[in-house]
Amino acid sequence: MTKEKKSKPSKELPLGFVDRQEKELLVRDFIISNIKEVMIKYGFQYLETPSFEYSDSIGKFLPDKDRPDEGVFSFKDENKWLSLRYDLTAPLARYVAKNFLEIPKPFKRYQLGTVWRNEKPGPGRFREFLQFDADFVGTKNLQADAELCVMISEILEKCGLRRLEYSIKISSRKITEELFKKINLNDDSQKLTTLRALDKIDRLGWNGVKELLGEGRRDKSGDFTKGANLTSRNIEIIEDEFKKKKPETQDLIDLIKIFKDYNFSNFEFDPTIIRGLEYYTGVIFEVDLKFDVKNNKGQVIQFGSIGGGGRYDNLVNNFGNYDAPATGISIGLDRLVFALMQKKEFKVKQTKPVVICVFDKNSMKKYINLQTLLRKAGISSEIYPGENKLKKQMEYANKIKSPAVILFGDDEIKLGKPTLRNLFSGKEKPVEIKELVNEIKKII
RNA sequence: GCAGCAGUAGCUCAGUUGGUUAGAGCACUAGUUUGUGGAACUAGGGGUCGGUGGUUCGAAUCCACCCUGCUGUACCA
């Protein structure tokens, strides 16, 4: 090694990226297997699109900027900008536009995939995360929207949630559209600010939202956010409209009727859900968890939704002249995993190998024979993967939470009977090789 | 991005009004019967006190700038 101080490579992870460990991954696998089962039952087809897309295909144009990296990760490849996908909907629209003539209409597909966002991460929010999406493309029928809600509900219950522990909130972009007509609001940026303000009711309450609809709001840290500058009369009208308990737009009335036909009642009308501002055109919905979620310090945090979706009738049209109204749902799987792992009764089985201890390298063939015997019987097992004293081998077995170790040293070999030690109870006994599999099965 | 707070061992933190070789618990390593884990005991390794510059006889401690993190806020297709 050179004497000069070399700057060492960093062990830290990039902001917003995390290592995920087995326990979490097993919960995720469990959820994914439930999703796949339900998707097959509902007749969706499985699709995978690449992580990268051309930036302009997924809605990032910005020709005047050096890098199109507002919110997305991008790089230049042979003079063309590529971006890591930030959701699965934009790639779907691209896929449908590209393969429009070949695919069935309507087109139903589901997809699981990692997406990336170049934004500031928050509690439970990362810059890389796994999404699950299911969409209907090419139908205006609200039966599709209804079915998505019924379906996600079935997935959640398969994952062990009870009816009271989650709820589907529904609303429609038509409500705000009509509201804007009513108060004669035409300025696009004012509309956008209004929507953004209304989206914050759950967090700021009506008082905070009214400040944002008016001149603006100063937050706890003293930072000031400019408001939409609506008149106080218009703010009143909006508040009245938003406090109505029953939907009045035709799409929601129709949707609820279909819910009835499905016998589906675990939804609530909530005009304050806004969702993505740019592309939704009609019915929107959000999946909320109703139980407390804690952070790693044990504090209850405002967890918010684990996903949502709605109708986006114009997204595919952006690529050409195909008329493909669509509706879809996306679920943030990592958030769902995080929430499920907090439920006490929720456990997934982690299978750990029986450890065969090594006394003498010359007896390796005997250890391999035992290992083969166990593995043939479907028992997870390993020969201690190192060279160490028995004490170290025991410590290793304990550390990996192995259920049992097999001791096959000189004494046992003479008798032809390995010693089986149960690591939960600490008890051990000699066992005939023929009986080994059965005895281990009693332990695990 | 804006704002507030913070940064001392792998982790959680202590470090008195600036004063010698910077500490604890947990974790780690090695031992306490060279064939036995989870407990206990003994010993040990590990820190340019986030970085750079400044003030001072002397800085983890004071000042400036930078970096990083947390929280709020904004954006979030």
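In what follows, chains are A, B, ... by sequence order, proteins preceding strands, each numbered from 1. FYI, side chains are in, hydrogens and waters are out, and symmetry mates aren't considered; it's all heavy atoms of this structure. Values in this document were obtained by computation on a predicted structure and should not be read as measured data.
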Take atom [atom1] of [X] and atom [atom2] of [N], then tell me their distance rounded to the nearest Å.
X: A:Asp199; N: B:U73; atom1: CG; atom2: P; value: 13 Å
X: A:Tyr279; N: B:C76; atom1: OH; atom2: P; value: 13 Å
X: A:Asp411; N: B:G35; atom1: CG; atom2: P; value: 10 Å
X: A:Asp202; N: B:G72; atom1: CG; atom2: P; value: 13 Å

Would you measure the distance from the [atom1] atom in [N] across to the matching atom in [M] and give it in whole Å?
N: B:U29; M: B:G23; atom1: P; result: 24 Å
N: B:A60; M: B:U8; atom1: C1'; result: 7 Å
N: B:U52; M: B:G44; atom1: P; result: 31 Å
N: B:U56; M: B:G18; atom1: C1'; result: 9 Å

Task: Proximity of A:Phe52 and A:Phe75 rings by center, below 6.0 Å - done: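 Yes, they do, as the ring centres are separated by less than 6.0 Å.
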Task: Member of A:Phe319, A:Phe107, A:Tyr322 meeting the ring pair (Phe, Tyr, Trp, His ring centres under 6.0 Å) criterion with A:Phe100 - done: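 Passing option: A:Tyr322.
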Would you say [X] places a side-chain N or O within less than 4.0 Å of OP1 or OP2 belonging to [N]?
X: A:Lys392; N: B:A30; value: yes
X: A:Arg196; N: B:C75; value: yes
X: A:Arg218; N: B:G72; value: no
X: A:Lys389; N: B:G31; value: yes

TODO: Assess whether one donor atom and one acceptor atom, taken from the side chain of A:Lys391 and the base of B:U33, lie less than 3.5 Å apart.
DONE: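 It does not, because no donor-acceptor pair links the side chain of A:Lys391 to the base of B:U33 below 3.5 Å.
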Open item on the list: Tell me whether the side-chain N or O atoms of A:Lys120 pair up with the base of B:G72 as donor and acceptor below 3.5 Å, since no angle test is needed here.
Closed with: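 In this structure, the two groups form a donor-acceptor pair.
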TODO: Any chance you could measure A:Thr351, atom OG1, to A:Ile444, atom CD1, to the nearest 0.5 Å?
DONE: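 So the OG1 of A:Thr351 and the CD1 of A:Ile444 are separated by 7.5 Å.
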TODO: Would you please determine if the base of B:G37 is stacked by A:Tyr396, with stacking meaning a centroid separation under 5.5 angstrom and planes under 30 degrees?
DONE: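 Given the distance and angle limits, no, they do not stack.
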Task: Stacked cation flag A:Lys108 on A:Tyr42, 6.0 angstrom / 45 deg - done: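 No, A:Lys108 does not sit over the ring of A:Tyr42.
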Task: Sidechain N-carboxylate O distance under 4.0 Å for A:Lys352, A:Glu22 - done: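 Salt bridge flag = yes for A:Glu22 with A:Lys352.
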Open item on the list: In dot-bracket form, 5' to 3', how is RNA chain B paired? Count Watson-Crick and G-U wobble pairs only if both distances fall under 3.5 Å, and write | where the partner sits on another strand.
Closed with: (((((((..((((.....[...)))).(((((.......))))).....(((((..]....))))))))))))....
TODO: Check the angle between the aromatic planes of A:Tyr46 and A:Tyr110 and answer parallel, tilted or perpendicular using the 30° and 60° thresholds.
DONE: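 Rings of A:Tyr46 and A:Tyr110: parallel, under 30°.
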